[in-house]
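Read through the structure below, which is laid out as structure tokens, and then see the notes.
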Amino acid sequence: MSKPRTSKRNGVSRRDFFKGTGAGLLATGLPAGGFAAQTPAPEGKVRFTPRGGLTQISPSLYLLRDTCNVYVLKNGDRAVLIDFGSGHALKLLGQIGVSKVDAILHTHHHRDQAQGDARAVAERIPVHVPAHERHLFEDAENFWRNRRIFHLYYVRNDFFTLTRNVPVAGVLRDYDKCKWGPYEFLIYPTPGHTLGSITLVGTVDGKKVAFSGDLIHSPGKVVNLFELQYQYGSSDGVDFAVFSLSKLRETGSELICPSHGEPFTNPETGVTDLIGKLKGWYESYSPGATLTAENKPFAVTPHLVCAHQTTSSFYALISDSGKALFVDYGSASGSFFGGFNAAAPVSDRMRFVEHTIPELKARYGLKSVDVAMPSHMHDDHLNGFPHLVRHHGAKVWCYENMVDVLEKPRAYNLGCILAEPIKIDRSFRHGEKFRWEEFEFTVAHSPGHTEYQMAMFAEIDGARVAFTGDAFFPAAAGAPYQLRHNLIFRNWVENDSHLKSMQAILDYEPTLVAPGHGKPFLSNKEDLEDLNHRLHKQQDYFRAVIADADCDFGMNPGWARLYPYQLEARAGASAPLELRVRNYRSKPMQMEAALVLPPGWKAAPEVATLTIPAKGDGSAAFTLTIPENWDHSKPRVALAADIVADGQYLGEIAEGVVDVLV
Ligand SMILES: [Zn+2]
Ligand SMILES: [Zn+2]
Ligand SMILES: [Zn+2]
């Protein structure tokens, strides 16, 4: 094969020469109103600029129609830009007396909003982005390395992500305030057009203004429908958009500043019109499906309210004082949970959007959320807890074995862990009783669905209520029995786990069961006994099918595990790491373990020796040292523990990951 020839002419290679010419030709071919050409441009520089200049909307607010609308908010000789387009705005700001841009605030991560960000970074302008899209700016190149294109069923248009990483100076967190000069904006989560989109709402020149990104294009219109489909064939994004538009309407904004289209007043009409149209399409395309915005809680008894259309059911026990105790509080709906879950980056939590609380206040006398208790440690049941703590001042109480999981989520590799740590204010032992307001509770350990689950019992308005989490659910219509359970081995399950949870519930003799999914139902002792009987039989299957006579070794992938599972440590520093073991044998287990590490890393001791008591737990402590000169292009590495147990070489049966911090 012959090498492509590059003849140099005046220091410009043939390839570069044609590149420049090509760009010029392409640009002149664009229709009127397109972009003017700048020729030729070096690699990475822009070749086009938008036609037209800054338009003044009100004394301090300007607009440039770039690849998206770029809003310039002015304060003296300084400005903040909302979205950035190609970055051409920087060249025009002198015309309106702006000499410094303090920040760029992005409503979402699409290229047309942010394709010029490298220009801002070059001029040291801080770029602030929605918290839940941070990775799509600063880790965009990693996104592209991992975005699946073959077998495409996750059809969400995250393909409109930037092609290069953009360093992020700060994040815009949902429900926080963003202050600059005399301005204060509230950051509203408004998913739809993208999953992490935000709307900034604040007062500008005496008017309440909403910078709403691409949530709405103009009265009654969206910029496109293809951004509103994430899962194959679904109408999930339409559901999200209707929810967010309803929230936008509630903000009472007087002027909507969209990313495409014209700023418009009288949003009540324009937004309501769009909600109506999207609802019409949703209902005709997905007959029978409910919109998240239309989910409604209902009163089970005078003091107990249930929301069952949320991702997991949650319960608000509302005292006569107006204080509430929540049992669980997950995502707004199954579609919200699924949509955000699929989009959550590896090292972050999925997005949570507040729901139901306004209805509880308006219709059920809720004044404050005093306490929140998780039935178990799964994110679909407690995704909203950090929000309740941060924005409602709620305290979090839980069963004792959940404390460490919730406070140190990186330490465990179990199903459905929420990435954000939750500080626990109070914990309870098995059998412990406590009083909250006018109610008495009893807490019981209720393993099976997960080791980290409680059952909680209370007498409420004359009913003996059992909050049972995911211990069991009503069976589907047509099943030969009334109750079913589910089993996830990654959640820490042993052969008799479910039997323990059933016993505690049978002992209480509830009249009403409040499960973690679905509506509460009247308890029937026969059905509980029937499930209990089937759970005893289930044990026989485990014993029959698992090779090891101590069958729990074949049920619990975490019997030998590293703690923490996702360690964070600095290059050049040491960090503790533990091997933890549950011994399911009826005699003590002798173990030798050595860590298998990346090149240059060290562990002390090199080999640990431990004895784990019969039917008990043991651990060995290691100190890990990461070399100072670790290559930071490898920010996350895996390591393993190589293990010999009772003379048998089992190999690298336990593992973990380390995030190496700079
Ligand atoms: Zn967009
Ligand atoms: Zn659940
Ligand atoms: Zn669960």
Side-chain angles (χ1 to χ4, degrees), residues 66-70 82-85 106-115 129-130 133 136-137 156-162 190-199 211-217 221-228 237 240-241 244 257-261 307-315 327-331 333-334 337-338 341 374-384 399 402 405-406 414-418 446-455 467-474 484-493 497-498 501 514-518:
D66 198 331
T67 53
C68 71
N69 289 341
V70 177
I82 294 151
D83 288 316
F84 196 51
H106 279 303
T107 58
H108 62 292
H109 76 275
H110 280 161
R111 283 196 299 276
D112 57 341
Q113 314 291 123
Q115 64 184 59
V129 307
E133 293 185 345
L136 297 173
F137 287 86
R156 171 188 170 211
N157 191 32
D158 49 7
F159 298 105
F160 207 4
T161 295
L162 293 163
T190 44
H193 176 76
T194 73
L195 280 160
S197 282
I198 57 165
T199 292
F211 298 95
S212 52
D214 283 329
L215 178 61
I216 181 166
H217 171 276
K221 301 278 183 194
V222 284
V223 66
N224 65 48
L225 270 179
F226 57 74
E227 303 283 1
L228 299 183
F240 280 60
S244 296
C257 290
S259 279
H260 295 90
H308 72 288
Q309 295 152 306
T310 43
T311 177
S312 66
S313 299
F314 87 91
Y315 300 91
V327 178
D328 293 340
Y329 184 55
S331 301
S333 65
F337 181 79
N341 185 31
S375 62
H376 60 299
M377 42 64 69
H378 285 163
D379 53 1
D380 57 326
H381 294 255
L382 51 75
N383 195 14
Y399 180 64
M402 290 181 221
V405 184
L406 299 184
L414 296 162
C416 323
I417 291 181
L418 182 75
S446 183
H449 172 70
T450 163
E451 177 72 8
Y452 307 92
Q453 178 167 269
M454 69 165 186
F467 298 95
T468 51
D470 288 355
F472 54 81
F473 313 104
R484 67 175 177 91
H485 70 296
N486 72 4
L487 214 155
I488 296 97
F489 296 103
R490 175 57 68 187
N491 287 348
W492 192 296
V493 184
S497 297
H498 260 111
S501 66
H517 296 269

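The basis for the numbers below is simple: all heavy atoms, side chains too, and nothing from hydrogens, waters or symmetry mates. Atoms within each ligand, like the ligands themselves, are counted from 1 in listed order.
- The closest donor-acceptor contact from the side chain of N491 to the backbone of H449 lies under 3.5 Å.
- One side chain, H108 or D214, offers a donor N or O that lies under 3.5 Å from an acceptor on the other.
- With the Zn ion (ligand 1) as the vertex, NE2 of H193 and OD2 of D214 span 80° to the nearest 10°.
- At a threshold of 2.8 Å, the Zn ion (ligand 3) has a backbone or side-chain N, O or S atom of H376 nearer than that distance.
- Counting just the N/O/S atoms of H517, the one with the shortest distance to the Zn ion (ligand 2) is named NE2.
- Looking at D380 and the Zn ion (ligand 2) together, the shortest N, O or S contact belongs to OD2.
- Across H308 and G518, no two heavy atoms sit closer than the pair CB-O, 3.8 Å.
- The main-chain N or O of P191 is found under 3.5 Å from a side-chain atom of S244 such that the two form a donor-acceptor pair.
- Side-chain N or O atoms of R111 include one that pairs as donor or acceptor with a backbone N or O of F159 at under 3.5 Å.
- For H110, the N/O/S atom at the shortest distance from the Zn ion (ligand 1) is named ND1.
- Among the atoms of H449, no N, O or S atom falls under 2.8 Å of the Zn ion (ligand 2).
- The Zn ion (ligand 3) lies closest to atom ND1 when only the N/O/S atoms of H378 are considered.
- At least one N/O/S atom of D470, whether from backbone or side chain, sits less than 2.8 Å from the Zn ion (ligand 3).
- Residue H381: an N/O/S atom is found under 2.8 Å from the Zn ion (ligand 2).
- For the pair T190 (side chain) and T199 (backbone), a donor-acceptor distance under 3.5 Å is present.
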Problem - Working for side chain to side chain donor-acceptor pair (under 3.5 Å), residues H378 and D470 - result: CA-CA 10 Å; H378 285 163; D470 288 355; 4.6 Å; no

